[in-house]
Amino acid sequence: MKFWLRRITFYVVTLWAAISLNFLLPRFLPGDPAAIMLGKLRRASGGRPLSEETIKSIRSILGAEDDISLWDQYLAYWGRLLHGDLGVSSTRYPAPVGELITAALPWTVTLVGAATIISFVIGIIAGAWVGWLRGTWVDQLVPFTTFLQSVPYFWLALVLVAVFSVQWGVLPIIGGYDVFEYPAGPEWSPGFIASTLVHAILPATTIVISSVGGWLLGMRNMMVQTMAEDYVITAEAKGLTRSRIRTAYAARNAAIPSLSGFGIALGFVVAGSIVTEQVFSYPGIGKLMIQAVQGLDYALMQGVFLVITLTVLAANFLMDLVYGFIDPRVRRDG
Amino acid sequence: MQDNRWRKVLPLVAGAAALALTLGGCAPGGSSTDAGERPIRMWSGHMTPITNNFNPFATETATHMTFGAIYEPLFFFNQLSDEAPVGLIGDSYEYSEDGKTLTITIKPDLKWSDGKDLTSKDVAFTFGYANNVDKDMVGVETPDDTTVVVTYSSPKFTAASQILGGMWIVPEHIWADITDFATETNPEPVGSGPYTLKSFTDAAYTLEANKEFREEVAIKEVQDVGIDSNQSSEDLLKTGKLDWVGQFIANPDNVTSNGRNATINQQQDPTVIMTCANAALGCEGAQTDPAVRQAINVAIDREAIGSKAFAGLSGISTPSFVLPGRDDKWLSDPSLLESPQSPDAAAAGAILEAAGYTKDADGFYGKDGVAIELDLFSPDGWTDYNDAAKLISAQAADAGIRINARTVSDAEYWTPLESGEYQMALYGLTQSLVADPFSTYDTYFATEATAKVGEAPTAGQNYGRYSNPIVDQAVIAAGATQDEAVKKEAYAAAQAEIAKDLPYIPVVLNASQSFFNTKDFTGWPTEDDLYASPLPYLSTASAVILTHLRPTEK
């Protein structure tokens with residue numbers, strides 16, 4: 001029990017530190033980000049005065065407010081966060097940052113999340129297999145997948161689009177669903193869901209192709225290492241079936257280090273895949289982030305970073321739970 | 001703003017173009033749905049997510065179809081011709097002798113899309129609403145339902161296109177209740193244009209024909225989609241999913257060869273080497289000497305720049321800054337029609353030597369033992385500009401002038417331009433929207449439009465810090481009259497000075513390509529009949545084109 005308590009405390013403190021840092025960073029930036037944002041907002045609205053609420057919101061999120069102590073600003077900042085107010089985007093004025101993120105999040109989580117899981121599962125299974133049969137022809141898989149990983153992602157995506165979408169016309173070119181078929185937006189119909197699945201194929205495939213190599217290589221090497229362990233040799237000596245040794249003894253233990261990597265990868269799912277979303281006009285978070293950075297849209301940037309921080313922490317927490325469950329060693333109080 | 005939209009995705013283009021060439025071939029013509037039934041699909045430059053904003057006062061962030069298709073100005077000024085503006089809501093207009101009174105007659109029996117009457121009262125309301133209010137406006141009156149009389153304290157001849165063509169008329173019965181027009185998103189717009197909003201999502205929005213519009217439109221639905229890369233829109237166009245885009249495509253044959261799409265390439269906005277030209281206002285560097293600018297002007301090889309950096313799509317620049325063709329009558333001296341196209345290192349050397357520069361041991365010119373060394377920057381990723389800068393640097397070196405081409409981030413690009421802390425930058429000026437170079441001279445060359453180095457110009461975009469009393473006088477003289485002879489004389493004086501001083505060294509005229517589906521839709525502008533610019537992101541022009549289109553009969 002002490003273990004869990006310690007972990008939870010750790011996460012609460014990290015969360016608090018991350019959010020506080022988010023509060024402090026813009027205040028330490030050279031210049032006044034809030035003033036820059038307000039200037040941009042004014043320009044976006046055609047040089048007209050902004051509403052008091054907007055100004056307050058931007059100031060409390062980004063910059064020093066006049067005559068208010070840092071502590072009070074900090075409290076106001078927390079107050080806004082807890083009400084879900086992340087400010088107003090200047091590149092998408094007057095859309096609230098919270099709404100933009102809420103709209104983009106499900107797309108990214110589903111697409112990149114599914115792609116990450118698929119790529120992990122394929123990588124681990126293939127890696128175990130390659131490690132098991134090390135020294136045979138299947139070892140060629142390693143340089144091959146590593147090569148795929150090093151192909152510029154962007155180029156890979158373009159090749160796939162050029163072949164499957166433009167040349168053969170079997171897969172869609174852009175979007176999370178068929179915007180021509182469903183002009184009124186998402187709806188709960190089988191046709192629409194099928195459309196989202198079809199639209200996810202190419203982006204997901206590119207992510208899987210370019211990331212499977214890493215999992216495969218790591219798993220293969222761990223597998224080779226594990227197979228030299230005493231308990232595997234003992235298992236062999238006992239005369240267990242080869243498939244049992246492979247899965248229950250070698251692969252199971254070899255996969256443990258990859259799991260923590262998987263936890264981190266899951267956390268970064270929310271950061272999205274900037275290039276995927278850009279190439280496929282896929283409605284996700286990664287694109288919001290790149291637009292925010294390009295347009296110096298501080299409030300949007302901060303909102304996106306906050307959400308990423310939260311999910312990385314949450315994913316790590318989840319993996320901690322899983323890890324503590326499957327590997328008793330980490331629970332031992334030291 | 002609009003001009004730069006394609007640049008954001010430009011890095012994608014370079015690789016994609018190469019790829020398209022490798023893979024070659026063209027796809028089958030896509031799904032051949034019945035054109036009469038389906039909406040026309042366009043990309044007006046929106047990136048996803050599109051913001052649900054139809055506020056005609058949010059000029060930077062509202063959806064593009066807000067302007068022209070849903071809300072209309074009084075008149076349409078065709079930036080490609082010198083013909084009189086076409087009446088939309090407006091029927092006719094007239095300036096008083098002194099230019100201080102503007103009488104506008106609007107068409108009778110107009111209606112808003114909610115069925116209420118559109119009268120002169122709405123127009124008068126719009127003139128007095130929000131940031132439409134001109135500080136020079138003295139009063140606005142409506143003697144009857146179709147007449148509006150606006151009075152000003154100064155002549156407003158040159159502001160006609162702004163007042164009559166750039167002010168979006170809104171219904172008083174709705175906007176009178178909207179006090180916070182800055183945060184208003186107007187999700188259910190009521191306008192007078194040919195279309196009304198049918199549905200909106202952050203990936204695309206659809207307009208349908210406005211039943212109350214003064215005439216019948218043949219295209220019943222328009223869908224404007226958000227796309228994040230030029231390559232995607234090129235692919236969609238090729239596969240028949242999109243009908244209309246305006247973007248840079250290095251190899252247009254790729255898109256047009258299937259017989260479905262046509263293209264028009266307009267060359268109008270000048271790309272220039274902008275210089276911080278005026279030492280008196282605080283500019284520093286050798287480029288403040290007109291002789292150096294003149295030498296660079298003759299040293300560069302515009303032919304090579306056009307074909308290599310701009311893929312052969314750009315036009316020939318003019319030192320007079322009129323738009324060749326459209327503005328020919330305002331060109332005083334035929335020798336000012338074209339900038340020199342091939343390099344002349346000897347002439348450049350002669351100019352510098354006459355100004356007291358000498359060549360050093362390395363073959364570079366300098367004065368008092370200090371070699372000229374100039375910094376020319378362009379935003380990283382604007383590949384055409386980056387390539388042009390490199391070529392300019394090499395060509396100037398051949399003539400003994402050292403120019404260092406440098407790329408900077410987007411943010412680093414705009415700040416020094418506004419503050420004047422730069423030497424030279426590649427920049428795109430915006431051509432005047434009417435067949436009269438007045439706004440170009442007024443915006444980029446007048447002393448009024450500049451500021452000291454360290455401050456940003458507020459009343460114009462004279463980032464070159466150029467100041468010349470002859471030009472200033474010419475601008476004032478031309479602005480206060482409708483007399484063509486007087487204007488011509490003023491422009492002649494300005495053009496001679498500008499071409500000699502070269503605060504902006506013209507390089508090429510930028511290409512703007514548009515692509516449209518002529519198989520399913522007819523009525524597009526042609527090279528012979530450019531009744532409006534076919535760029536889907538140009539506000540009123542795109543709406544004018546939509547009303548001219550009809551499905552092809554099969």
Side-chain angles (χ1 to χ4, degrees), chain A residues 40-51 53-54 88-95 99-100 103-104 152 154-155 157-159 161-163 165-169 172-180 182-186 275 277-284 287-288 290-291 294-296, chain B residues 8-9 11-12 15-16 19-20 22-23 25-28 30-31 33 38-39 41 47-53 55 57-61 130-131 180-185 198-206 221 223 225-229 231-236 238-242 410-411:
Chain A
K40 284 175 70 84
L41 289 182
R42 248 176 235 125
R43 201 154 45 177
S45 64
R48 287 178 310 283
L50 299 166
S51 75
E53 188 50 30
T54 308
V88 183
S89 159
S90 68
T91 47
R92 308 267 148 201
Y93 185 77
E99 270 178 27
L100 289 173
F154 157 72
W155 193 80
L158 281 180
V159 171
V161 170
V163 174
S165 310
V166 180
Q167 201 84 347
W168 296 346
I173 296 170
I174 59 152
Y177 58 93
D178 194 332
V179 295
F180 304 115
Y182 299 94
V275 186
E277 292 175 5
Q278 189 80 22
V279 171
F280 294 98
S281 297
Y282 204 82
K287 204 168 49 209
L288 282 185
I290 190 87
Q291 283 171 9
Q294 278 176 346
L296 288 183
Chain B
K8 294 186 182 156
V9 279
L12 299 180
L19 186 73
T22 333
L23 294 169
C26 56
S31 55
T33 22
R38 70 170 176 90
R41 286 148 181 169
M47 306 238 265
T48 60
I50 306 174
T51 326
N52 192 349
N53 187 347
N55 177 353
F57 298 98
T59 44
E60 299 266 326
T61 46
N131 56 334
D180 192 2
F181 47 87
T183 49
E184 173 64 36
T185 54
K198 185 184 183 201
S199 65
F200 178 90
T201 72
D202 59 9
Y205 59 100
T206 308
E221 274 190 29
Q223 191 179 25
V225 298
I227 299 175
D228 296 316
S229 89
Q231 182 59 44
S232 298
S233 89
E234 187 180 329
D235 291 342
L236 289 166
K238 225 189 295 184
T239 52
K241 297 275 187 194
L242 271 184
D410 251 30

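Chain letters run A, B, ... following the sequence lines, proteins first and then strands; every chain starts at 1.
Atom CD1 of A:I173 sits about 8.5 Å away from atom CG of B:L242, to the nearest 0.5 Å. Atom CZ of A:F180 sits about 5.5 Å away from atom CG of B:L236, to the nearest 0.5 Å. Distance check, rounded to the nearest 0.5 Å: CE of B:M47 to CD of A:Q278 gives 6.0 Å.
Proximity to chain A is limited to the side chain of B:T206, based on heavy atoms less than 4.5 angstrom apart. Looking at B:T48, the atoms closer than 4.5 Å to chain A (heavy atoms on both sides) sit in the backbone and in the side chain alike. Using a 4.5 Å cut-off between heavy atoms, B:N52 makes no contact with chain A at all. For a residue to count as touching a neighbouring chain, one of its non-hydrogen atoms must lie under 4.5 Å from one of that chain's; by this rule B:D235 touches chain A with backbone and side chain alike. Proximity to chain B is limited to the side chain of A:V161, based on heavy atoms less than 4.5 angstrom apart. Of the two parts of A:Q291, only the side chain, counted from C-beta on, holds a non-hydrogen atom closer than 4.5 Å to a non-hydrogen atom of chain B. Heavy-atom distances place the side chain of A:A103, and not its backbone, under 4.5 Å from chain B.
Side-chain contact between B:T239 and A:S165 is absent, with no heavy atoms from C-beta onward closer than 4.5 Å.
Between B:S232 and A:V279, the shortest heavy-atom distance links the atoms OG-O, 3.0 Å. Between A:L158 and B:Q231 the shortest heavy-atom distance is CD2-CG, 3.5 Å. Nearest heavy-atom pair, B:T61 versus A:S90, reported as atom, atom and distance to 0.1 Å: CG2-O, 4.3 Å.
No other option in A:A95, A:P183, A:G175 has as many heavy-atom pairs under 4.5 Å with chain B as A:P183.
Checking side-chain atoms of A:S281 against main-chain N and O of B:D228 turns up a donor-acceptor pair under 3.5 Å.
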